[in-house]
Number of protein chains: 2
Amino acid sequence: MHAAGQPERHAVALLDGRGVRATPQRTRVLAELVREPNDATAQELHERLRARGERIGLATVYRALSVLADEGVVDVLAHRPGEACYRVCGGEHHHHLVCSSCHRVVELADCRLDTWLDDVAAAHGFDRLEHRLELTGVCADCR
Amino acid sequence: MHAAGQPERHAVALLDGRGVRATPQRTRVLAELVREPNDATAQELHERLRARGERIGLATVYRALSVLADEGVVDVLAHRPGEACYRVCGGEHHHHLVCSSCHRVVELADCRLDTWLDDVAAAHGFDRLEHRLELTGVCADCR
DNA sequence: CTTCCTGCAAAGCATTTGCATCCAT
DNA sequence: ATGGATGCAAATGCTTTGCAGGAAG
């Protein structure tokens, strides 16, 4: 068993059972993202895959990420101006705390907004209320 | 006193007392943003100014917004992929509740996140924590 | 006079798309 | 064979920059 095996299997597992083909390229893009604890841009992922010796086009990385985002396998974070960041995320509702300096991401499991938001929705007669919360700050290492 | 006077004066007031020159172009860009209850892109602002008859270049709009952002007069939002949105946010902290059908905006004066966010910041060693909350739903009239 | 500001056009990036080819069913 | 996937290059859209002229201090 070789060292790179685990992210690959994780990636295959994430793709399994969906309506999408688990092509080698998609698996590799996702595996590369699984290796990344925070988030990465399409270009960064492409560079790493090429450095790893994979033959894959930049457009394919973009197309793979688009498919993965549609499937809900990865989240698209728009905290950096001018480029999108991608991240492997669980299905549960959660928010991200992002360091504006090093882009380290902390996943927040609990969301304490629902009680307040129920009140807000009721007070203003709104229905089907959805929310998106982005938290940015400077982490301890970048202070 | 003409109808367009108020946003202009508001813009001049926002620029006053800082180390930046309140040039006509900067004032107009900011005044245009003051008229916008939500947020707008640089290109949208440029279009509106041209439609209003102002002679202003697109690059100047970008440069003005850059200066205004550096001064903290406007906020840069990166929630739309591929382009930056700008918003006047010098005043009180608040959030917007937007109807996804008719785009009516309800301004929420109170924000009940600070207590929780202070805990979050402390728990993860983050400093200068900022947050942006987007609320969308369907209002009573559109139900 | 010197410095900053502006407009225009060209350049710079991230991302998307057209198209011929390739692969799996 | 047939439809989707890929790679490359060209195109697109947002934003920045180089430069010459102009206004402000």
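Residue numbers begin at 1 in each chain, while the letters A, B, ... track the order of the sequences.
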### Task
Can you spot which of Arg26(B), Arg87(B), Arg50(B), Arg52(B) makes a salt bridge (charged side-chain N to carboxylate O under 4.0 Å, His left out) with Glu32(B)?
Arg52(B)
### Message
Using side-chain heavy atoms (C-beta onward) and a distance below 4.5 Å, is Arg48(B) in contact with Leu33(B)?
### Response
no
### Query
Does CD belonging to Glu130(B) count more than 12 external heavy atoms closer than 6.0 Å?
no
Using atom [atom1] of [X] as one end and atom [atom2] of [N] as the other, report the distance to the nearest whole Å.
{"X": "Leu49(A)", "N": "dG7(D)", "atom1": "CG", "atom2": "C1'", "value": "15 Å"}
{"X": "Glu44(B)", "N": "dC14(D)", "atom1": "CD", "atom2": "C1'", "value": "12 Å"}
{"X": "Leu65(B)", "N": "dC14(D)", "atom1": "CG", "atom2": "P", "value": "15 Å"}
{"X": "Glu47(B)", "N": "dG13(D)", "atom1": "CD", "atom2": "C1'", "value": "13 Å"}
{"X": "Arg26(A)", "N": "dG7(D)", "atom1": "CZ", "atom2": "C1'", "value": "15 Å"}
{"X": "Leu77(B)", "N": "dT15(D)", "atom1": "CG", "atom2": "P", "value": "12 Å"}
{"X": "Arg21(B)", "N": "dG25(D)", "atom1": "CZ", "atom2": "P", "value": "6 Å"}

Which heavy atom of [X] sits nearest a heavy atom of [Y], and at what distance?
{"X": "Val74(A)", "Y": "Leu65(A)", "answer": "CG2-O, 4.2 Å"}
{"X": "His94(B)", "Y": "Leu108(B)", "answer": "CB-O, 3.2 Å"}
{"X": "Leu58(B)", "Y": "Ala42(B)", "answer": "CD1-O, 4.4 Å"}
{"X": "Glu44(A)", "Y": "Asp39(A)", "answer": "OE1-O, 4.4 Å"}

### Task
May I ask you to check whether His131(B) and His95(A) place their ring centers less than 6.0 Å from one another?
no
### Task
Give one of base, sugar-phosphate or nothing for Ile56(A), where a contact means two heavy atoms less than 4.0 Å apart.
sugar-phosphate
### Message
Quick one, Val73(B) with Arg18(B), criterion side chain to side chain contact (heavy atoms under 4.5 Å, CB included). Give me CA distance, side-chain angles, the key distance, then yes/no.
### Response
CA-CA 10 Å; Val73(B) 180; Arg18(B) 298 176 189 265; 3.5 Å; yes
### Query
Taking OP1 and OP2 of dA24(D), is either one under 4.0 Å from a side-chain nitrogen or oxygen of Thr23(B)?
no
### Summary
Side-chain contact check for Thr60(A): nearest option of dT6(D), dA5(D), dT17(D) is dT6(D)
### Message
I want to verify a distance call: between dT6(D), dC8(D), dG3(D), whose nearest atom is closest to the Ala59(A) side chain?
### Response
dC8(D)
### Task
Considering only heavy atoms of chain A and a distance under 4.0 Å, specify the first and last nucleotide of DNA chain C in 5' to 3' order that meet this criterion.
dA14(C) to dG18(C)
### Message
Taking the nucleotide of DNA chain C with the nearest heavy atom to each, does Gln25(B) or Arg63(A) sit closer to the 5' end?
### Response
Gln25(B)
### Watson-Crick or G-U stems of DNA chain D, 3 or more pairs, under 3.5 Å, by first number
C:1-25 with D:1-25
